[in-house]
Amino acid sequence: MSNRSKITYTFTDEAPALATYSLLPIVKAFASSADIDVETRDISLGARILAAFADKLDGQQIQDDLAYLAQLATSPAANIIKLPNISASIPQLKGAIAELQAQGYQIPDFPEDPQSDADHEIRARYSKVLGSAVNPVLREGNSDRRAPAAVKAFARKYPHSMGKWSMASQSHADYMRGGDFFSSEQSFTMDKAGKVRIEFVGKNGQVEVKKELSLQQGEILDGMFMSCNKLRAFFEQTLQDCKETGVMWSLHVKATMMKVSHPIVFGHAVTVYYKDVFEKHGKLFEEIGVNPNNGLSSVYDKIKSLPSAQQEEILQDIHETYAHRPEMAMVDSVKGITNLHIPSDVIVDASMPAMIRNSGQMWGRDGKQKDTKAVMPESTYARIYQEMINFCKTNGAFDPTTMGSVSNVGLMAQKAEEYGSHDKTFEMAADGIMRVTLEDGTVMIQHEVEAGDIWRACQTKDAPIRDWVKLGVNRARQSNTPAIFWLDQERAHDRELKKKVDLYLKDYDLTGLDIRCMDYNEAIRVSMERLIRGLDTISVTGNVLRDYLTDLFPIMELGTSAKMLSIVPLMAGGGMYETGAGGSAPKHVQQLVEENHLRWDSLGEFLALAVSLEETGIKTNNTKAKLLGKALDEATGKLLDNGKSPSRKVGEIDNRGSHFYLALYWAQALAAQTEDAALAAHFAPVAKALSEQEATIIAELNQAQGKPAEIGGYYCANPELTSKVMRPSNTFNAVIDALV
Ligand SMILES: NC(=O)C1=CN([C@@H]2O[C@H](COP(=O)(O)OP(=O)(O)OC[C@H]3O[C@@H](n4cnc5c(N)ncnc54)[C@H](OP(=O)(O)O)[C@@H]3O)[C@@H](O)[C@H]2O)C=CC1
Ligand SMILES: O=C(O)CCC(=O)C(=O)O
Ligand SMILES: [Mg+2]
C-alpha cells in the first residue's frame with residue numbers, strides 16, 4: 001500500500017543487537033496495526049566491514065546501509081531509531097575481521113603497517129570503519145537529551161546505589177597545565193565562503209599542503225596542538241605523584257570518538273608507564289610490529305611470534321614495571337586487564353561518572369576499590385570533573401531521591417567541533433610551523449610545532465549553530481527551565497561561538513526565560529548547586545560537553561544514561577531518535593553467552609520508539625500511530641512502576657521478560673483506549689492472550705536461563721541461533737507472530 005509510513009530501525013552490535021532480536025518482532029507486529037512498516041538497516045561493525053569490501057565478496061555482498069542512512073538523514077522523510085553501536089578500536093576491528101574470515105568471508109587482513117599501494121588502499125577502507133564511524137555521519141541535526149518525567153519519578157522512588165563521598169578522599173582529576181590543545185587553541189570565522197589551506201612549513205622553508213578545505217560563510221575554524229614532550233612529561237609527573245602519595249593511577253580518554261588524536265595520547269601513556277620495557281625492547285618491538293597506540297595488548301599479541309624464552313623475558317620485564325610504577329586501575333582485575341590494555345576499554349564519558357558514582361574510586365589489582373588520580377591530559381573538559389569531585393567532597397554524594405535534573409541541548413550537527421576533526425589531525429613528523437592560510441595567503445592560524453606533536457583543526461558550520469540556539473531557546477520555553485550556554489571566554493573557539501550565540505538569541509522573544517552564558521566551571525557549579533536543591537537546569541553545550549554531560553548527570557540521577565530520551569531533530573526536517581546516551585555494554589554479551597541472561601535495559605528503545613510513533617502520527621496525520629505512541633509511553637510507565645525492568649541476576653526477569661511485559665501493557669493500553677474502537681478491538685484479544693498466559697510465558701522465558709547460550713559469533717552472531725536464544729517462549733511468539 002502506498003500510504004504506509006516507514007520507521008527505520010538500526011541493527012547494531014553487542015547487547016542492543018541481542019535485545020533487537022527480541023524486541024523488533026514485537027515492534028513490527030504492533031506498528032503494522034497503524035500501517036507502519038519497520039525496516040531494519042544493519043550498521044553493525046561486521047556489516048560495515050563487509051560493505052567496505054563489497055567488490056571483493058563474490059556472491060556474499062551486502063549493501064551499504066550506513067550510506068543509505070546518511071542519505072536518508074538529509075531527507076524530510078527520515079524517521080530513524082538509532083541504537084548504540086560499537087565504535088571500534090583497532091583490536092576490536094581485528095577481532096571482527098578474524099571472525100568474518102572464519103565465517104568464510106574473503107576480506108583482507110588489517111594492514112597494520114601498510115607498505116604497498118594495495119595495503120594503503122585496504123587500510124583507507126578500514127579507516128572508514130574505525131572508531132566513531134556511524135554517529136557523526138548520521139547526526140545531521142543537533143541533540144536534545146533529557147530524562148522523561150516518568151523515568152525521573154521512577155529513579156526518585158527506586159533510587160540506584162550511590163557510593164558515599166569522604167572529605168578525606170584523595171581522588172582527583174589531573175590534566176595538563178600547558179602544552180595541551182586548550183592552551184594553543186586559535187580560532188576564526190570565515191566572513192565569506194572560500195578555501196583554506198592547512199600547511200606545514202619545514203625548517204628548510206619548504207611548504208607542504210596537508211589539506212585544503214572549502215569553508216562556508218560564517219563557518220568557524222579552530223587550530224590547536226598538543227606538545228608531545230609536554231604530554232610525556234605530564235604523564236611521568238602524574239606517575240611520580242601517585243607513587244609518592246599511594247593514590248591509584250588511571251587514564252581516561254575517548255579513543256573512539258577522537259579516533260586519530262586520542263589513540264596517540266593513549267600510546268604515549270603506554271610507553272611512559274612501561275618506559276623501561278619500551279627502552280629495552282624498543283627496537284625488537286618495532287621489528288615485530290608492536291603499536292603502543294593499541295595498548296599493552298599489542299605487546300602480548302605480537303610477542304607470540306617470538307621464541308618462548310624471549311617472550312618470558314619481556315613478560316618478566318612488564319611484571320617488574322609494576323614494582324616501581326604506581327598501582328594502575330584495572331578494567332578486569334580477575335583477568336589482569338589494566339587500564340592500558342586496549343584504548344577502547346575505558347571511555348571517558350562513561351568511565352568518569354562511574355568513578356564519581358563509586359565514591360571517586362576505581363578497582364585495583366587486588367579487586368579492591370581505591371582512591372584514584374583520573375588522568376585526562378586535555379584540560380579543556382577535564383576541569384569539570386574536578387569541580388564535581390570537589391563538590392561531592394564538600395556536599396557528599398548526590399541523592400537520586402531528591403536531586404533535580406540537568407538535561408542537554410548539544411551542538412553536534414554536521415561533525416561540529418572536535419568530533420569532526422579526524423581528517424584534519426596530524427602527528428608531526430618534524431619540527432616546523434603549522435598554519436592555516438586563506439586563498440590570498442593571509443595566515444589565520446599559526447603554531448610552532450615539534451616532531452611528535454599532535455595538531456588538529458576543527459570546523460563548526462553556521463547553520464548547525466543557528467539551529468542549536470533555536471533548540472536551546474525552545475527547550476527553555478517548553479520546559480520552563482533555566483538554560484545555561486556553557487561558553488568559556490578563555491577559549492578562542494568559544495569566543496567566536498559566543499558572538500554568534502549573542503547575535504542569534506536576538507531572533508527570539510526571550511521574555512520570561514532565564515538564559516545565561518557561563519564558563520564551564522561556573523556552569524557546572526551553578527548546575528550542581530541547583531541539582532541538590534531539586535532544581536532542573538538545561539545545559540546548552542558544544543559537542544564534547546554534550547557527550548560528557550549526557551552520561552555524567554544521568555548516571556548520577558538515574559544510574560545509567562540508557563534511560564534518557566535522546567532526540568536528534570534533523571535539520572532537513574526528519575527525526576532521529578537515539579536510544580539513551582550510553583554504549584553497547586559489551587559485558588552484557590558475556591553474561592548472555594555464559595548463563596543466558598541479558599541484563600540490557602531497552603528503556604531507551606521504548607522511549608525513542610514512542611516519540612518516533614508520535615512523530616509519524618503528526619507528520620502523516622495517522623491517528624493510530626499517535627495512539628500507539630501514547631499507549632507505548634503508558635506501557636513504559638507501568639513497566640517501571642511494576643518493577644519489570646531487567647534484573648542483573650540470572651534466573652530473574654531479564655531483557656526478554658521486560659519485553660513481554662511491555663507487549664502486555666502496550667496491548668492493554670491500546671485495548672483500553674476509546675479514541676479508536678477498531679484499534680481497541682484489534683488489541684483486546686492480544687491483551688487477553690498475553691495476560692492469561694503470563695505465567696506460562698514467564699516460566700518459558702526463565703527456564704531458558706542458567707546455562708550457556710550459543711549465538712555463533714560475537715561481531716556477527718548467527719541470526720537463526722540468536723533469534724532462538726532471544727525468543728525462547730513459543731507461547732509468546734505465537735501471539736506476536738499472529739499479529740502480522
Ligand atoms: N551512541 C552510541 O552509538 C554509543 C556507542 N558507544 C560504544 O559502546 C561501547 C561501550 O562503551 P562504554 O563507554 O563502555 O559504555 P556502555 O554504556 O556500553 O557501558 C557502561 C555501563 O553502563 C551500563 N549500561 C549502559 N547501557 C545500559 C543498558 N541499556 N542497560 C543496562 N545497563 C546499561 C552498564 O553498567 P552496569 O551493568 O554496571 O550497570 C555498562 O557496563 C563502545 O564500543 C562505545 O564506542 C558508547 C556510547 C554511545
Ligand atoms: O559515537 C560514539 O563513539 C559514541 C557517542 C557517544 O558517546 C555519545 O554521543 O554520547
Ligand atoms: Mg557519550
Side-chain angles (χ1 to χ4, degrees), residues 10 12-20 23 43-45 81-89 91-93 95-96 130-139 142-143 145 160-161 252-259 262 331-332 342-355 357-358 363 408 410-412 415-416 419-420 422 541 543-555 558-564 566 568 576-591 597-608 645-649 654-655 658 715:
T10 55
T12 59
D13 306 279
E14 297 180 332
L18 293 173
T20 298
L23 184 59
I43 49 170
S44 63
L45 179 57
I81 312 269
K82 162 65 180 60
L83 277 74
N85 62 282
I86 292 181
S87 293
S89 61
Q92 284 172 306
L93 182 64
L130 261 185
S132 186
V134 171
N135 286 324
V137 174
L138 301 187
R139 288 173 171 170
N142 293 306
S143 137
R145 288 181 178 177
H160 51 274
S161 64
H252 303 256
V253 289
K254 181 105 187 177
T256 48
M257 212 69 168
M258 296 308 301
K259 64 181 177 181
H262 282 195
V331 170
D332 188 333
I342 57 168
S344 53
D345 269 348
V346 179
I347 307 180
V348 58
D349 54 341
S351 64
M352 280 309 295
M355 170 177 151
R357 192 187 149 194
N358 194 38
W363 281 268
N408 179 267
L411 172 60
M412 72 173 188
K415 303 183 181 149
Y419 284 171
H422 320 306
T541 70
N543 208 348
V544 177
L545 283 170
R546 165 199 66 75
D547 182 23
Y548 290 10
L549 299 190
T550 57
D551 268 342
L552 184 59
F553 289 110
I555 287 175
L558 314 170
T560 166
S561 55
K563 298 183 175 175
M564 300 271 280
S566 181
V568 184
M576 181 158 75
Y577 310 95
E578 299 194 10
T579 79
S584 47
K587 68 186 182 200
H588 294 191
V589 186
Q590 201 183 331
Q591 192 185 11
H597 179 91
L598 183 66
R599 73 171 197 261
W600 177 261
D601 189 338
S602 299
L603 188 60
E605 283 88 294
F606 306 159
L607 298 170
S645 304
S647 143
R648 304 164 79 94
K649 280 204 217 102
D654 79 344
N655 178 266
S658 78
Y715 295 101

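Start at 1 and go down the list; that is how both ligands and their atoms are numbered. Because the structure is predicted, anything quoted here is derived from the model rather than measured. Counting from 1, the numbers follow the sequence of the chain as shown.
Heavy atoms of L603 found under 4.0 angstrom from ligand 1: none, in either backbone or side chain. At a 4.0 Å heavy-atom cut-off, ligand 2 touches A581 through the backbone alone. Under 4.0 angstrom from ligand 2, there are no non-hydrogen atoms of K259. The side chain of D349, and not its backbone, has at least one atom closer than 4.0 Å to an atom of ligand 2 (non-hydrogen atoms only; side chain from C-beta on). Residue-level proximity to ligand 1 for A585 is carried by backbone and side chain together, each with a heavy atom below 4.0 angstrom. Contacts with ligand 2 closer than 4.0 Å are made by no heavy atom of M564, backbone or side chain.
Summarising the geometry, atom CE belonging to M412 is positioned 4.5 Å from atom OG belonging to S143; distances are rounded to the nearest 0.5 Å. In this structure, CG in L23 is found 12.0 Å from CH2 in W600, a value given to the nearest 0.5 Å. Summarising the geometry, atom OG1 belonging to T541 is positioned 5.5 Å from atom CG belonging to L549; distances are rounded to the nearest 0.5 Å. Atom-to-atom distance recorded for F606:CZ and D601:CG is 7.0 Å, nearest 0.5 angstrom.
Note on D349: its N/O/S atom closest to the Mg ion (ligand 3) is OD2.
For D547, the nearest N, O or S atom to the Mg ion (ligand 3) falls under 2.8 Å.
For atom 3 (O) of ligand 2, the closest non-hydrogen atom of the protein is S87 OG, 2.5 Å. Looking at atom 5 (C) of ligand 2, its nearest protein heavy atom turns out to be N135 ND2, 3.6 Å. Nearest non-hydrogen protein atom to atom 10 (O) of ligand 2 is D547 OD1, 2.7 Å. Here the protein heavy atom with the shortest distance to atom 46 (C) of ligand 1 is G583 CA, 3.1 Å.
Annotation: side chain of S602 is in contact with side chain of N655 (closest heavy-atom distance under 4.5 Å). Here the side chains of M258 and V544 are not in contact, with every heavy-atom distance at 4.5 Å or above. The side-chain heavy atoms of N135 and N85, taken from C-beta on, include a pair separated by under 4.5 Å.
Per-residue contacts place A562 under 4.0 angstrom from the following atoms of ligand 1 (heavy atoms of the residue considered): 26 (N), 27 (C), 28 (C), 29 (N). Interface of K254 with ligand 2, defined as ligand atoms under 4.0 Å from a residue heavy atom, comprises 4 (C), 6 (C), 7 (O). Of all atoms in ligand 1, listed by their number and element, those nearer than 4.0 Å to a heavy atom of K587 are 37 (O), 38 (O), 41 (O). Heavy-atom proximity to P84, at under 4.0 Å, picks out these atoms of ligand 1: 1 (N), 2 (C), 3 (O), 4 (C). Applying the 4.0 Å criterion to heavy atoms of R546 picks out, from ligand 2, the atoms 8 (C), 9 (O), 10 (O).
The option with the heavy atom closest to atom 7 (C) of ligand 1, from among N85, D345, L45, is N85. Distances from atom 1 (N) of ligand 1 to the heavy atoms of N135, D13, L138, I43 put N135 nearest.
Listed for the S561 side chain is no donor-acceptor partner under 3.5 Å among the backbone atoms of P554.
Using a 4.0 Å cutoff on heavy atoms, H588 counts as a contact of ligand 1. In this structure, R648 has a heavy atom closer than 4.0 Å to ligand 1. Contact analysis leaves G580 out of contact with ligand 1, as no non-hydrogen atom separation drops below 4.0 angstrom.
Geometrically, ligand 1 and Q92 share no nitrogen or oxygen pair separated by less than 3.5 Å. When only interatomic distances are considered, the shortest N/O to N/O separation between L83 and ligand 1 does not fall below 3.5 Å. Taking any N or O of P586, backbone or side chain, none lies under 3.5 Å from an N or O belonging to ligand 1. Distances between N or O atoms of R599 and those of ligand 1 include at least one value under 3.5 Å. At a 3.5 angstrom cut-off on N or O pairs, E14 does not count as close to ligand 1. Below 3.5 Å of separation, one finds no N or O of E578 facing any N or O of ligand 2. The shortest N or O to N or O distance between D601 and ligand 1 is under 3.5 Å. Considering backbone and side-chain atoms together, S584 places an N or O closer than 3.5 Å to an N or O of ligand 1. At least one N or O atom of S132, backbone or side chain, sits closer than 3.5 Å to an N or O atom of ligand 2.
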### Task
Might you work through the side chain to side chain contact (heavy atoms under 4.5 Å, CB included) test for E14 and I86, ending with a clear yes or no?
CA-CA 8 Å; E14 297 180 332; I86 292 181; 3.4 Å; yes
### Query
What's the verdict on salt bridge (charged side-chain N to carboxylate O under 4.0 Å, His left out) for K587 and D332, showing C-alpha distance, side-chain angles and the deciding distance?
CA-CA 11 Å; K587 68 186 182 200; D332 188 333; over 6 Å; no
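For atom 14 (O) of ligand 1, the protein comes within 4.0 Å by no heavy atom at all. Remark: atom 21 (C) of ligand 1 lies closer than 4.0 Å to no protein heavy atom. Proximity of atom 4 (C) of ligand 1 to the protein is indicated by at least one non-hydrogen atom lying closer than 4.0 angstrom.
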